Amino acid sequence: MTLNEYINSTKDKSIGVVGIGVSNTPLIKKLLNVGCRVTACDKRSRQELGEEYDTLLALGAQFRLGESYLDDLGFDIIFRTPGLMPFDARLQAAVERGALLTSEMELFMRLCPCKIFAVTGSDGKTTTTTIISELLKAQGYTVHLGGNIGKPLLCDVDDMTPDDVAVLELSSFQLHSMVCRPDVAVITNISPNHLDKHKDYQDYIDAKSAIFSNQQAGDRLVLNSENEYSPYYAKQAKSSISYFSRKSKPENGVFCADGVIYRTKNGVSAPIMNADDIKLPGTHNLENYMAAFAATEGFVSDDVCISTAKTFAGVEHRLEQVRVLNGVTFINDSIGTSPTRTAAGLHALKTKPILIAGGYDKHIPFDGLGDEICKYAKALYLTGNTSDKIYDAVVNSKYYTGQIPIVKIDDFKEAVLAAASSAQSGDTVLLSPACAAFDKFKNFMERGKYFKQIVMELPDECK
């Protein structure tokens, strides 16, 4: 079925689209342009939506706005925004009344005519997704990058061909209750995350399993040998499984031993490249590359793997060097929205950084991060809603001896300026918040861009 055929089949249906955001807005416009009856539902007011409201109104949209936007969702089809979990009582009531609950991404995966590589995990999924995309492009494929990164792909699906490839980063929000079947699924790792949204940690773990639960024997699932939840997923999977590992040799997959990355098939190993030749720093990026190599087995040659790993400079907001000023290196790792991601950033640096951390509270424990900060940070500047929690985790760590200066400054800019002012030549100032950005920013990208702006505006003599 094509997208146009699907839309034509819905013209006699009432459609509610919940969330007028990046992924849903193109869908709303597409539906309206062909005469569908669409109600756009959003918590924001007409004034807050601004020009977007006027544009959709002119196309014929009806609206349900404000605090009651989810009340009495009496539609035949409901497209939910990723941030609204499908177990919300108001969505469930609509389903019980007979509504079909779906999403832009679920429909894309249903209609996509080409092979799909889908990546999820607690950390590393954006970089791994991007590496897979870069590998496939270098091999000569036409690649469509989407999901949490790239652009919404649904409205372009009819222009895709069977020879193309779609590469998707998928969050637990998108995957929860989704029916999908990617040709290749990757789970980078699992650790506590988004516990402010999920029912509990098990709900988060199980949401990730949707990425492979409908796969069959001809499909592939790539798992992390070192992650404690990989056996749990492997036991459920019907697809063939490849592993990536830094500590052991899998029967099938990619592993690293004595500084060399190997590919292994049915227990027989062959070297791909030296791990030190990867341009991106850090053990976590070694794992990201091994996951990508395992995912693209049979699609990408080893020569392309080597050339891409040696030249790819990384993704914005991920250990991104912003500036070197008076001998001080400023690094933007705003993607560090979890304790494990920030810990990986600390491990990747050659010197102990002056760390800027704190942000929106996702109800994730910081105990382990406190240990990592004590061992791998030179100083700590805390800002945002979680400042007190991170502070307590550090000072209560068994590794804390009072050796790390800790400064709490609520204003983000003032915290960055203070950290910069404290730095000496040879120091590194690292933004890696270990938290989401929603307490002060729209998302981690906005936070990272603001950090870069502040750093670029520092005078040559910033003391």
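All of these numbers come straight from a predicted model, not from anything done at the bench.
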Once side-chain hydrogen bond (donor to acceptor under 3.5 Å, both in side chains) is applied, do any residues pair with [X], and if so which ones, sequence neighbours excluded?
| X | result |
| --- | --- |
| Ser248 | Ser245 |
| His363 | none |
| Lys449 | Glu316 |
| Ser68 | none |

Closest contact, heavy atoms only, Arg447 versus Ala436:
NH1-O, 3.2 Å
Begin from the C-alpha positions of Arg181 and Asp219 and carry the test salt bridge (charged side-chain N to carboxylate O under 4.0 Å, His left out) through to its verdict.
CA-CA 9 Å; Arg181 184 187 168 184; Asp219 304 319; 2.7 Å; yes
Side-chain contact test, heavy atoms from C-beta onward, threshold under 4.5 Å: evaluate it for [X] versus [Y] and give yes or no.
| X | Y | result |
| --- | --- | --- |
| His347 | Glu372 | yes |
| Thr128 | Thr130 | no |
| Ile15 | Thr39 | no |

So, for [X] and [Y], is the gap between ring centers shorter than 6.0 Å?
| X | Y | result |
| --- | --- | --- |
| Tyr201 | Tyr229 | yes |
| Phe293 | Tyr289 | yes |
| Phe255 | Tyr243 | no |

According to the salt bridge (Lys or Arg N to Asp or Glu O under 4.0 Å) rule, which pairs have a member within [range], sequence neighbours left out?
| range | result |
| --- | --- |
| residues 130-147 | Glu134-Lys137 |
| residues 149-176 | Lys151-Asp156 |
| residues 44-58 | Lys29-Glu52, Asp42-Arg44 |

For Arg246, is there an ion pair with Glu287 - N to carboxylate O distance below 4.0 angstrom?
yes
Under the 3.5 angstrom rule, does the side chain of [X] hit a backbone N or O of [Y] as a donor-acceptor pair?
| X | Y | value |
| --- | --- | --- |
| Asp439 | Asn385 | yes |
| Glu446 | Asn443 | no |
| Thr264 | Val254 | no |
| Arg263 | Ala294 | no |

The complete set of ring pair (Phe, Tyr, Trp, His ring centres under 6.0 Å) pairs with one or both residues in residues 17-61, sequence neighbours excluded, reads Tyr53-Phe63
Enumerate, atom names and distances included, each donor-acceptor pair closer than 3.5 Å involving a side-chain atom of residues 110-119, sequence neighbours excluded.
none

Who are the ring pair (Phe, Tyr, Trp, His ring centres under 6.0 Å) partners of His176, not counting sequence neighbours?
Phe87, His198
Excluding sequence neighbours, so at least two apart, what forms side chain to side chain contact (heavy atoms under 4.5 Å, CB included) with Ser338?
Asp123, Asn193, Thr340, Arg341
Which label fits Tyr6 and Phe79: parallel for a plane angle under 30°, tilted from 30 to 60°, or perpendicular past 60°?
perpendicular
Using the ring of each side chain (for Trp, its six-membered ring), is Phe451 parallel, tilted or perpendicular to Phe330, with breaks at 30° and 60°?
tilted
Apply the test ring pair (Phe, Tyr, Trp, His ring centres under 6.0 Å) to residues Tyr360 and Phe441: give CA-CA distance (whole Å), side-chain angles for both, the deciding distance (0.1 Å), then the verdict.
CA-CA 9 Å; Tyr360 174 78; Phe441 302 95; over 10 Å; no
Does the pair Arg220 and Glu297 meet the rule for a salt bridge (charged side-chain N to carboxylate O under 4.0 Å, His left out), with working shown?
CA-CA 10 Å; Arg220 182 184 307 162; Glu297 163 70 30; 6.0 Å; no
Can I get a per-line list of side-chain donor-acceptor pairs under 3.5 Å for residues 21-28, giving both atom names and the distance, sequence neighbours left out?
{"residue": "Asn24", "atom": "ND2", "partner": "Val18", "partner atom": "O", "Å": "3.1"}
{"residue": "Asn24", "atom": "ND2", "partner": "Gly19", "partner atom": "O", "Å": "3.0"}
{"residue": "Thr25", "atom": "OG1", "partner": "Gly21", "partner atom": "O", "Å": "2.7"}

